[in-house]
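First the structure, in the form of structure tokens, and then the observations on it.
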2 protein chains.
Amino acid sequence: MQKAPPKIKDVAQVAGVSTATVSRALTQPDRLSEATRAKVFDAIEATGYRVNQAARNLRTRRAGAVLVLVPNLGNPFFSAILSSMNDVLSANGYSVLVFDSQQPGASEQAVADCFLNGSVDGMITLDGNMSTITAKALRSANMMQNVVFCCEWSDQWPLPSIRSNNGLGARLAVDHLVALGHRRIAHVTGPDCNILAQMRKSAYIDRCAAHGLDIAPDWIVQGDFSLGAGALAADRILAVNSRPTGVFCASDAMALSFVARCRQRGVRVPEDMSVIGFDDIEMAAFSEPGLTTIRQDRSGLGRLAAQELLARLRGEQKTEGAHVIYSPVALIERGTTAPPLDNSADSPANGRTPPSKPTEFQEPVDKPA
Amino acid sequence: MQKAPPKIKDVAQVAGVSTATVSRALTQPDRLSEATRAKVFDAIEATGYRVNQAARNLRTRRAGAVLVLVPNLGNPFFSAILSSMNDVLSANGYSVLVFDSQQPGASEQAVADCFLNGSVDGMITLDGNMSTITAKALRSANMMQNVVFCCEWSDQWPLPSIRSNNGLGARLAVDHLVALGHRRIAHVTGPDCNILAQMRKSAYIDRCAAHGLDIAPDWIVQGDFSLGAGALAADRILAVNSRPTGVFCASDAMALSFVARCRQRGVRVPEDMSVIGFDDIEMAAFSEPGLTTIRQDRSGLGRLAAQELLARLRGEQKTEGAHVIYSPVALIERGTTAPPLDNSADSPANGRTPPSKPTEFQEPVDKPA
DNA sequence: TTGTATGCGTTATCAC
DNA sequence: GTGATAACGCATACAA
């Protein structure tokens, strides 16, 4: 048999006060006299009392939990982000509920239900594509102001968004290759519907144009951020007539498998093919050669998103409209990029001389003009 | 302003029945007549009613949530496991709360509180080292029977344990190298305190002995499963006097960085050094050369653990003592292992001939005799 | 099969 | 500063 756990009433009895006083000792200790507060805490200690969350939640209409919506939990890119979110949220008394937005089952309805039945107070979504069923639930539960985007986002919803400066990242990548002397630069994209893929791709196109570089149609290969896509993209790009000398991959996963497939097929990296990724996942530093890439501060993204949500939950930050916070990106030079050996191609003059930079470096690319 | 969400009373009014009937329609639909059940569901539809979880939890003394305790959420090894756990748990109406057991803060107390305040119904822990504070909370909340180990475990607690056959995996790894002709085999371990590291290391030692192979002391290098450890281990092992020709790494992360460092230092893999890992993480198939490794069925481990916990929560599986379920492991041959080129060493006769196998292959190594 | 009435454990609203 | 008491929304024992 199991002794029933002590309730607030038991504590009150032991302390010789009312239940209301015990409750206050827990939630607003300042409003009690020194003496009674001590009595209550002693009684709590003596009885081993713990507040019953369900009862508290029912009474306060709060849940003490937030939902983190991850597209594909199996993708290791998200683990560092999730970790830092968890750190700050749990440090602030919130439990973290994890959902996978790409799960085959009725996950959309499950997310919606969380809001409709009051089991979460807010959400951080790493998925830029918010389902209509989720949006409807958020509105219905009056929870729209307790949602923040992280990494991905959607312009459709005027919600806070913590993100890397993807345009700047892509620009740094292209500029790096150009500075090395590359003039035929390919790109492996993410999924068409993905906002990050869109940003990186369009910045790549713009930046090549700014450098006066042509992009052959078959230099842009559709990917999906995954390892498998990188290998397939390598097959495609190595078969192209006018082979590029450098490639910018929209994720490190694709870049790493791109490099591996190149070497497997006897194409040297970086001598015959320079490769630059995006993300700076841990593996990037430990591959051979080390992967040149654009670093995203993943734990920073998670932390900022969690802090932003906490501010919302506290009722601060009632700023209307999309509140965008940029997390820094940086070029990390490692071993997969180098000047191209083959400069026989379309470079009019001396291909090895880095062309001048048409525009300034400082201006964040993502920010609206 | 926001209209108050409909309660069970509102539904009852619309349906023209009592609140008890509405409640029954939700929890035991069979006990209602066809007609009233239809009426109730129509009313639910009409009002947009959703049950309030906090109220239900308070009343039923359940939480509808389970806790998954992960050692280092940032480690991508766990993401696939977490994903499959999430699939089956959420499909069965449970929310998944994630905690990081190695988080610096007061995470131990946070986990304990979850049980003491009734906010979770059970736990799957991927961390074999259960803190005493957690154990105390589990006993106090009478929750010890609602805990299952996954991947790691502790013999100290007679709880269900879903695990790979680590001994067999290590044995397959050693046998593979031996069959290729290696006679000097090194090992990079996990942390000393880790049960998986212990199992793999002792099986490695036993199996080498069974093959009549000596192990020089400096062939066993302390690691910690991480990428960084693999690179350091490579430095150590490449500097050894009587250099091994093959190495068994206790994780793929270490194996991959081991290979990278070897190649960085001009040591060819697999020609000069064969490397085999453990886990079969996705990257193993996309590195160059592909990493030979021992596959763990990560999503299977997560699924089995979730199912085991569900059975416990349903009150089934009241089997006393440790209930061990083995998930299969398998040798995956890729490109980082090959016969050793250098056979000048201590092999008495023809080093390239695979030695006979002293014992049978079938017997699972982990299982008690 | 359905309705009535009570209580789950806490916090908020009043009084004092 | 503290105490009595009424909700919070639901599920269930019991009665019908």
Side-chain angles (χ1 to χ4, degrees), chain A residues 2-41 43-44 47-64 93 113-119 121 141, chain B residues 2-41 43-44 47-64 93 113-119 121 141:
Chain A
Q2 181 72 8
K3 202 172 55 187
K7 334 181 206 186
I8 207 169
K9 201 172 172 182
D10 302 321
V11 178
Q13 249 163 9
V14 170
V17 298
S18 75
T19 61
T21 300
V22 177
S23 178
R24 275 189 283 258
L26 264 33
T27 55
Q28 332 166 16
D30 304 336
R31 297 175 55 88
L32 293 190
S33 76
E34 177 85 26
T36 51
R37 197 190 323 145
K39 274 196 301 184
V40 171
F41 283 135
I44 288 177
T47 55
Y49 168 78
R50 299 282 162 167
V51 330
N52 178 311
Q53 275 300 333
R56 169 177 280 181
N57 292 346
L58 173 58
R59 187 59 234 234
T60 60
R61 301 159 168 286
R62 289 176 6 100
D113 280 342
C114 280
F115 289 100
L116 294 172
N117 69 29
S119 55
D121 296 319
Chain B
Q2 182 72 9
K3 202 171 55 187
K7 333 180 208 186
I8 209 169
K9 200 172 171 183
D10 302 319
V11 178
Q13 246 162 11
V14 171
V17 298
S18 74
T19 62
T21 301
V22 177
S23 177
R24 276 189 281 261
L26 264 32
T27 55
Q28 336 166 13
D30 305 337
R31 296 174 56 89
L32 293 190
S33 76
E34 177 84 28
T36 53
R37 197 189 325 143
K39 272 195 302 185
V40 172
F41 282 135
I44 289 177
T47 54
Y49 168 79
R50 299 282 161 167
V51 327
N52 178 312
Q53 275 301 331
R56 170 176 280 182
N57 292 346
L58 173 58
R59 185 58 230 238
T60 60
R61 300 157 169 289
R62 289 176 6 99
D113 280 342
C114 279
F115 289 100
L116 294 173
N117 69 28
S119 56
D121 297 320

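Computed from a predicted structure; not experimentally measured. Chain letters run A, B, ... following the sequence lines, proteins first and then strands; every chain starts at 1.
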Legend entry - First and last nucleotide of DNA chain D, 5' to 3', lying under 4.0 Å from heavy atoms of chain A: D:dG1 to D:dG9
Legend entry - Side-chain heavy atoms of A:Val17 within contact of A:Arg24, under 4.5 Å: no
Legend entry - Contact summary for A:Gly118 and A:Ala63, nearest pair of heavy atoms: O-CB, 3.4 Å
Inset, instruction - Please list, in 5' to 3' order, the outermost nucleotides of DNA chain C lying under 4.0 Å from any heavy atom of chain B. - result: C:dT1 to C:dG9
Inset, instruction - Write down the atom of B:Pro29, the atom of B:Ala25, and the distance for their closest heavy-atom approach. - result: CG-O, 3.4 Å
Legend entry - Nearest-nucleotide comparison on DNA chain D, the residue closer to the 5′ end among B:Arg50 and A:Thr19: A:Thr19
Inset, instruction - Please list, by residue number, the residues of residues 33-41 of chain B whose heavy atoms come closer than 4.0 Å to an atom of DNA chain C; answer none if no residue qualifies. - result: B:Ser33, B:Thr36
Inset, instruction - Using the test salt bridge (Lys or Arg N to Asp or Glu O under 4.0 Å), find all partners of B:Asp113 that sit at least two apart in sequence or belong to another chain. - result: A:Arg50
Legend entry - A:Phe41 side chain reached by A:Leu32 side chain, heavy atoms, under 4.5 Å: no
Inset, instruction - Please list, by residue number, the residues of residues 53-63 of chain A whose heavy atoms come closer than 4.0 Å to an atom of DNA chain C; answer none if no residue qualifies. - result: A:Ala55, A:Arg56, A:Arg59, A:Thr60
Inset, instruction - Indicate the atoms forming the closest heavy-atom contact of B:Ala141 with B:Phe115, along with that distance. - result: CB-O, 3.7 Å
Inset, instruction - Identify the two heavy atoms, one from B:Ala15 and one from B:Val40, that lie closest to each other, and give their separation to 0.1 Å. - result: CB-CA, 4.1 Å
Legend entry - Of A:Thr47, A:Val22, A:Ile44, the residue whose pairing with A:Val14 passes side chain to side chain contact (heavy atoms under 4.5 Å, CB included): A:Thr47
Inset, instruction - Return yes when atom CD of B:Glu34 has more than 12 non-hydrogen atoms of other residues, nucleotides or ligands closer than 6.0 Å, and no otherwise. - result: no
Inset, instruction - Determine which pairs satisfy side-chain hydrogen bond (donor to acceptor under 3.5 Å, both in side chains) with at least one residue from residues 4-17 of chain B, sequence neighbours left out, and list them in order. - result: none
Inset, instruction - Supply the atom-to-atom distance A:Arg59 CZ to A:Asn52 CG, rounded to the nearest 0.5 angstrom. - result: 14.5 Å
Inset, instruction - Considering non-hydrogen atoms only, spot the tightest contact between A:Ser119 and A:Asn117 and give its length. - result: OG-OD1, 2.9 Å
Inset, instruction - Answer with base, sugar-phosphate or nothing: what part of the nucleic acid does A:Val17 contact at a heavy-atom distance below 4.0 Å? - result: sugar-phosphate
Legend entry - For the student: nearest non-hydrogen atoms of A:Arg62 and A:Asn57, plus distance: O-CB, 3.1 Å
